[in-house]
Amino acid sequence: MCDKRFTSAYLYAAVCPASGADFALVMPTVSTAAMSLFLNAFSRSLEPDVQAVLVLDQAGWHGARALVVPDNITLVPLPPYSPELNPVERVWLYLRERFLSHQLLNDYDAVVQACCDAWNTLTATPERLRSLTSYPWLPCVNA
């Protein structure tokens, strides 16, 4: 017999490769509405005169017409099928390899807690986050 029930949670995050600063939310779905909520919360966390640039892939919810992007956030989509260019992909791999894979968790709350614990452990050392997200081409975005 095999229990095929499962539940998922999704970690939305923004990371500054230069400083290691971060912002993250755990959400129950991936969707345009959830991405809009994340962007709104991230926007409110920024200092008043800060303009954030988010590099992201072309997942459908990242560029949907219904996506609400606050004025202090600029989205920079990467070319299609280029996950190797996305700085946060190494963060997801790191979290899966070290904290989130091969676990049986009792319920949705336990899944959310595992995501939060993994993120908090990673971000407790900003230098690790910086090393995972620093790409040689990123300074060119500011040029």
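Computed from a predicted structure; not experimentally measured. Computed from heavy atoms alone, side chains included, the values below leave out hydrogens, waters and symmetry copies.
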If only atom types and distance count, is the side chain of Gln58 paired as donor or acceptor with the main-chain N or O of Pro77 below 3.5 Å? no
When you compare the side chain of Val68 with that of Leu39, does any pair of heavy atoms fall below 4.5 Å? no
Arg90 atom CZ, over 12 foreign heavy atoms within 6.0 Å: yes
Could you check if a side-chain atom of Glu89 sits within less than 4.5 angstrom of a side-chain atom of Asp57, using non-hydrogen atoms only? yes
Using a 4.5 Å cut-off on heavy atoms from C-beta on, say whether the side chain of Leu56 contacts that of Met35. yes
Begin with the C-alpha distance, continue with both residues' side-chain angles, and end with the deciding distance and a verdict on side-chain contact (heavy atoms from CB on, under 4.5 Å) for Val91 and Trp119. CA-CA 9 Å; Val91 172; Trp119 186 258; 3.7 Å; yes
Verify same cluster id: Phe42, Val50 (apolar side-chain graph, 4.5 Å): yes
Leu100 and Leu132: same hydrophobic cluster, using ILVMFWY side-chain contacts below 4.5 Å? yes
Hey, is the main chain of Arg96 close enough, under 3.5 Å, to the side chain of Ser101 for a donor-acceptor pair? yes
Under the 3.5 angstrom rule, does the side chain of Asn72 hit a backbone N or O of Ser43 as a donor-acceptor pair? yes
Would you say that Val76 contacts Leu54 through its side chain, given a criterion of any heavy-atom pair below 4.5 Å between the two side chains? no
Does Glu47 CD have over 12 foreign heavy atoms under 6.0 Å away? no
Test item: Tyr108 and Pro28 side chains (from C-beta on) under 4.5 Å apart, heavy atoms: yes
Short side-chain to backbone donor-acceptor contact, Ser31 and Ala34, under 3.5 Å: yes
Taking the side chain as everything from C-beta on, heavy atoms only, tell me whether Asn120 gets closer than 4.5 Å to Leu122. no
Any side-chain heavy atom of Tyr10 within less than 4.5 Å of one from Val26? no
Which atoms form the tightest heavy-atom contact between Ala41 and Leu25, and what is the distance? CB-CD1, 3.8 Å
Backbone of Ser131 reached by a side-chain donor or acceptor of Ser134 within 3.5 Å: no
For atom CG of Asp71, is the number of surrounding heavy atoms from other residues, nucleotides or ligands below 6.0 Å larger than 12? no
Taking the six-membered ring for Trp, are the ring centroids of Tyr12 and Phe23 within less than 6.0 Å of each other? no
Is it true that a side-chain atom of Ser36 and a backbone atom of Thr32 form a donor plus acceptor pair closer than 3.5 Å? yes
Would you say Arg130's side chain and Ser19's backbone share a donor-acceptor pair under 3.5 angstrom? yes
Is there a chain of hydrophobic side chains (I, L, V, M, F, W, Y, each step under 4.5 Å between heavy atoms) that links Val55 to Val15? no
Quick check: closest heavy atoms across Thr133 and Pro87, and the distance to 0.1 Å? O-CB, 3.4 Å
Quick one: CD1 on Ile73 to CD on Gln51, what's the gap to the nearest 0.5 Å? 8.0 Å
Using side-chain heavy atoms (C-beta onward) and a distance below 4.5 Å, is Asp22 in contact with Cys16? no
Val88, Phe99: one ILVMFWY side-chain cluster at the under-4.5 Å cut-off? yes
Please round to the nearest 0.5 Å and tell me the distance separating atom CG of Leu11 and atom SG of Cys116. 8.0 Å
Looking only at heavy atoms, what is the nearest atom pair of Phe38 and Ala24, with distance? CE1-CA, 4.5 Å
Answer yes if the side chains of Gln113 and Asp117 hold a donor-acceptor pair under 3.5 Å, and no otherwise. yes
Do Leu67 and Val69 pass the side-chain contact (heavy atoms from CB on, under 4.5 Å) test, and can you show the C-alpha distance, the side-chain angles, and the key distance before you say yes or no? CA-CA 6 Å; Leu67 183 66; Val69 182; 3.9 Å; yes
